[in-house]
Amino acid sequence: MHGRVKLKSTAQQEEEKRKEREKKLKIYVAGRDAIFTKRLEGVLDDEALQLTQQLLSSNPDFATLWNYRREILLHLETVREEDDVQKMYEAELLFLESCLKVNPKSYGSWHHRGWVSARLPRPDWARELGLCDRCLSLDDRNFHCWDYRRMVVKMSGVPVDQELQFTDRLIGSNFSNYSSWHYRSTLLPLLHPESPDPPSPCHQHSHSSPPPSPQTHSHRVCEEQLLKAVSSVSLPFSAEREEMISCVFVSREEERVAVAFSRPVNASSSGLMLVLDGQPQRVEWRSVHPHFRHSPVWICALPPGTISDIINEHNLTVHWTEKHTHRDCALYTGRSESWCRDSATDQELFRSELSVEKTSVLQSELQSCNQLLELEPQNKWCLLTIVLLMRALDPLGYERETLSHFQTLKEVDSMRSAYYGDLCSKFMIENTILKMEYAEVRVFSLSDKNLTMLCHLDQLLLVTHINLSCNQLLRLPPQFAMLQCLEVLEADDNAIENLDGLYYLPKLQEVSLKNNQISKLSDLQLLTSCPKLTCLDLRGNPVTQIANIQSELTELLPSVTDLLI
Amino acid sequence: GTQVKDVVIKSDAPSALLLDKHADYIAAYGSKKDDYEYTLSEYLRMSGIYWGLTVMDLMGQLTRMNQQEISDFIKSCQHDCGGISASIGHDPHVLYTLSAVQILSLYDNVNVLDVDKMVEYVRGLQQEDGSFAGDKWGEIDTRFSFCAVATLALLGRLDAINMDKAVEFVLSCMNFDGGFGCRPGSESHAGQIYCCTGFLSIAGQLHQVNADLLGWWLCERQLPSGGLNGRPEKLPDVCYSWWVLASLKIIGRIHWIDKSKLRSFILACQDEETGGFADRPGDMVDPFHTLFGVAGLSLLGEGQIKDVNPVLCMPEDVLERLGLHPDLLS
């Protein structure tokens with residue numbers, strides 16, 4: 001089905017081909033029918049083995065035939081001596097080898113070989129490893145063979161460093177070696193299971209391999225640097241983050257508690273418990289938007305009257321019993337709201353804490369990438385690796401260079417400019433969050449930052465004023481509903497056409513959406529869920545051109561007394 | 001310079017969508033039962049029928065296919081164990097059990113089969129570590145995890161398996177690059193990624209995916225020709241317009257590829273003479289690539305094609321009828 005070129009041929013050539021195929025088909029069908037007949041009759045003999053062998057040689061994907069062979073072999077096992085069984089299965093391995101020569105990518109052949117190896121009275125794993133060596137020397141991207149090799153290694157206890165050396169040899173001799181890098185990424189953690197710094201696939205390699213030959217394309221070198229950066233920086237981080245409640249917010253007026261977690265959770269299955277003044281409360285937790293069964297932010301309503309009187313002091317504790325952790329929040333007399341947020345998490349919010357050793361490794365990698373970049377200023381692998389390394393080392397310090405590299409990336413790799421736009425937006429949002437001083441967690445400005453998307457909204461639970469103006473946002477996503485304290489939203493001069501995230505925001509009073517792409521009345525439907533909304537600026541949106549829009553809006557949003565269209 | 005494995009699209013390659021020719025191609029496919037290729041592919045016939053019917057339905061041409069004949073055929077492929085085979089005389093397998101259920105869902109006719117037995121068959125394929133075998137012979141592959149949950153989702157019987165364990169196994173197949181392979185330790189591959197993200201969508205566990213990392217790996221599949229490959233250093237193939245694109249849609253990052261360049265590539269894979277799509281421009285067409293070319297175009301917003309669901313690769317209106325709305329990341 002793949003890679004069959006359509007060739008033009010004459011009428012005579014067509015006719016000859018047709019005759020030949022007709023002949024082949026007749027033979028094939030006769031073989032198939034004979035096999036099916038024998039099978040229906042329950043026959044398990046050598047003739048069936050021969051017939052299936054003929055068909056499988058040219059069609060190893062005919063899975064039922066492998067099944068039939070296994071039935072016959074299993075039967076023969078019961079009526080033959082161990083030595084003969086050994087010979088029988090060795091012959092089967094020989095047959096499989098010829099099948100694999102013709103089609104090294106048949107699931108059926110590889111699975112059958114694994115099945116045979118497991119049934120051999122005396123398996124020869126060294127031979128199997130040798131088969132893998134040969135197969136991979138012809139095509140080191142054959143994932144069937146790599147998977148088979150992993151099985152052989154497991155069954156026969158091949159040491160990890162021996163396999164690492166094998167990948168070294170392949171990587172040193174071949175450009176197309178992503179499969180080897182991948183294998184290394186699974187082997188290295190086995191070498192150092194206790195290591196606090198998860199090793200990257202290239203860590204050992206840089207010491208043991210020969211320097212890249214002159215023929216090594218520099219994009220290859222940088223691509224590998226990038227894989228190194230990706231594996232040593234991105235993936236380990238998500239696994240490392242401590243699971244905790246990052247913030248608890250309580251408001252007397254709405255009689256609500258909002259809780260932010262370090263990762264998305266499902267409140268109903270997490271053992272969430274609210275204790276007020278020593279008394280467990282029966283509350284129903286809901287996520288900020290029905291879209292999310294798993295969410296980093298959850299809300300609950302307290303029984304009316306429990307905390308509404310501003311004279312009373314209260315102590316609140318939220319227990320995340322599944323993870324044996326909790327967070328306290330004290331609500332003082334005279335205060336209408338309170339929160340508890342862990343500032344110590346700020347530095348580890350978006351990247352792993354780096355040991356001295358790791359920092360030094362990353363710095364030298366950054367240095368060599370920068371040297372390469374001087375020679376090849378348009379090398380995208382280089383640019384992206386540099387960006388990732390800078391994020392890991394000093395996200396705020398390298399902000400200027402990061403922005404400049406993203407500009408270059410969008411130019412040299414324009415197919416992926418949307419990706420670079422989103423990634424850069426993420427980094428700018430992260431930097432803005434990092435710059436948030438502890439005292440000033442309530443006013444947050446992201447204006448004029450070329451933002452194409454919003455993220456980390458779970459970090460903005462306490463924000464009362466947000467400025468998103470002059471960006472390239474297309475929507476306020478459902479996650480925007482995590483801004484449970486929001487009072488004022490400025491989002492002028494974007495391309496917003498969707499307000500899904502303005503969902504039951506209890507404190508939202510003012511919304512400015514000048515010069516966006518809101519085009520239908522229904523786009524504004526959700527605003528009715530925000531009870532305190534009084535000011536709405538929709539000037540410069542297509543929706544304002546609709547006939548009778550003034551009266552339609554007044555009817556939809558009667559409490560909005562300050563409406564600008 | 002750097003050499004990237006890719007194709008070059010000729011200037012005279014097709015650039016308009018030839019939907020009618022594709023419908024004619026599929027309608028006629030398999031009518032000449034004495035075709036060599038057709039007979040050799042009997043081992044996947046059930047999936048072949050699913051590919052053909054689904055693409056016809058997406059093009060609004062399902063009525064041209066013979067519903068009764070197909071229903072009877074499927075019935076005769078259900079075995080005593082409850083599983084379905086690719087064709088008569090072949091052995092049952094979870095791949096063809098899914099295809100059969102997909103076909104009958106198109107026709108709203110699942111009950112021609114013994115559904116309870118089929119559910120039991122699927123349940124029986126789950127292993128202790130949560131993985132799924134393809135059949136009684138024990139091959140393990142995340143493709144089969146997807147087939148199992150997709151089948152049960154269409155039947156409304158997801159409670160039949162241990163979902164937590166099933167999720168645990170699929171997550172154990174996540175790699176350093178955010179992608180997924182066949183088994184734990186296997187290299188990331190777009191086809192497996194489609195199966196695993198589809199699985200996680202059905203299981204309600206998409207938040208476990210590292211969407212930014214995986215989305216990047218997936219958008220790096222796009223080559224200068226505009227086509228998508230299945231993993232690094234491979235040639236583009238129109239079927240990856242489905243595996244990669246659907247995965248991107250499921251994780252909410254479909255805007256990370258250049259849509260117009262991909263569209264041009266997919267259209268170039270059409271055969272103006274015979275109808276149908278090939279894996280790449282100039283190659284032989286087949287129903288497999290025809291479905292995924294059309295489905296890919298649907299995901300790109302092609303007006304003439306019905307909306308396709310990225311998780312189940314079936315028309316959205318069919319899933320609407322079944323009340324099935326698998327999660328997608330936004």
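Labels below follow one simple rule: chain letters A, B, ... track the order of the sequence lines, proteins then strands, and each chain is numbered from 1.
With a 4.5 Å cut-off on non-hydrogen atoms, B:H189 touches chain A through its side chain but not through its backbone. Proximity to chain B (any heavy atom under 4.5 Å) is restricted, for A:Q479, to the side chain, taken from C-beta onward. Heavy atoms of A:P478 lying under 4.5 Å from chain B belong exclusively to its side chain. With a 4.5 angstrom heavy-atom cutoff, B:E220 touches chain A via backbone and side-chain atoms both. Heavy atoms closer than 4.5 Å to chain B are found in the side chain of A:L74, but not in its backbone. Contact annotation for A:K154: neither backbone nor side-chain heavy atoms come within less than 4.5 Å of a heavy atom of chain B. Looking at B:E37, both its backbone and its side chain come within 4.5 Å of chain A, counting heavy atoms on both sides. Interface residue B:L223: only backbone heavy atoms are found under 4.5 Å from chain A. Looking at A:R150, only its side chain comes within 4.5 Å of chain B, counting heavy atoms on both sides. Contact of B:I140 with chain A is not made at all, since no heavy-atom distance falls under 4.5 Å. Proximity to chain A (any heavy atom under 4.5 Å) is shown, for B:L95, by neither the backbone nor the side chain. For chain B, no part of A:E20 is nearby; none of its heavy atoms comes within less than 4.5 Å.
Residues A:R416 and B:W256 have side chains not in contact (no heavy-atom distance under 4.5 Å, counting atoms from C-beta outward). Between A:H2 and B:F288 there is a side-chain heavy-atom pair separated by less than 4.5 Å. Looking at heavy atoms from C-beta onward, A:W181 lies out of side-chain contact with B:E187 at the 4.5 angstrom threshold. With contacts defined as side-chain heavy-atom distances shorter than 4.5 Å, the pair B:E233/A:Y178 does not qualify. Side-chain contact between B:H255 and A:T452: absent, with no pair of heavy atoms (C-beta onward) separated by less than 4.5 Å. Counting only heavy atoms from C-beta outward, the side chains of B:R231 and A:S179 approach each other to under 4.5 Å.
When all heavy atoms of B:L40 and A:N59 are compared, the closest pair comes out as O-ND2, 3.0 Å.
In terms of heavy-atom pairs under 4.5 Å with chain B, the best-connected choice from A:Y68, A:F143, A:W115, A:W66 is A:F143. Taking chain A as the reference chain and counting heavy-atom pairs below 4.5 Å, the highest number among B:K261, B:H93, B:K234, B:E42 is found for B:E42. Between chain A and the residues B:S186, B:S85, B:G89, the most heavy-atom pairs under 4.5 angstrom are made by B:S186. The choice from A:R263, A:H112, A:M415, A:R70 that makes the most heavy-atom pairs within less than 4.5 Å of chain B is A:M415. Of the listed residues (B:W137, B:Y36, B:W216), the one with the most heavy-atom contacts under 4.5 Å to chain A is B:W137. Considering only heavy-atom pairs separated by less than 4.5 Å from chain B, the leading option among A:K426, A:R141, A:K26, A:R32 is A:R141.
Annotation for B:D12: atom CG counts as buried by contact number, over 12 foreign heavy atoms lying within 6.0 Å. The neighbour count for A:K410 NZ, taken as heavy atoms of other residues, nucleotides or ligands under 6.0 Å away, is above 12. The local environment of NZ in A:K6 is crowded, with over 12 non-hydrogen atoms from other residues, nucleotides or ligands closer than 6.0 Å.
The distance from the CG atom of A:D422 to the SG atom of B:C219 is 10.0 Å, given to the nearest 0.5 Å. One finds the CG atom of B:L44 at 8.0 Å from the CG atom of A:D61 (value rounded to the nearest 0.5 Å). Here the straight-line distance linking atom CG of B:D135 with atom NE2 of A:H111 works out to 7.0 Å at 0.5 Å rounding.
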Show your working on side chain to side chain contact (heavy atoms under 4.5 Å, CB included) between B:D91 and A:R39 and close with a plain yes or no.
CA-CA 11 Å; B:D91 290 347; A:R39 195 156 189 240; 2.7 Å; yes
Kindly determine whether A:R4 and B:D286 satisfy side chain to side chain contact (heavy atoms under 4.5 Å, CB included), including the steps that lead there.
CA-CA 10 Å; A:R4 295 173 317 152; B:D286 59 56; 4.2 Å; yes
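In this view, B:Y43 satisfies the ring-ring contact (aromatic ring centres under 6.0 Å, His included) rule with no residue, not counting sequence neighbours.
Ring geometry for B:H90 versus A:F62: interplanar angle under 30°, hence parallel rather than tilted (30 to 60°).
A salt bridge is defined here as a Lys NZ or Arg NE, NH1 or NH2 lying under 4.0 Å from an Asp or Glu carboxylate O, and A:R293 with B:D327 meets this definition.
Residues of residues 277-284 of chain B that come closer than 4.5 Å to chain A, counting heavy atoms only, are B:D279, B:R280, B:G282, B:D283, B:M284, ordered by residue number.
For the pair B:R143 and A:Y107, the cation-pi criterion (under 6.0 Å, within 45° of the ring axis) is fulfilled.
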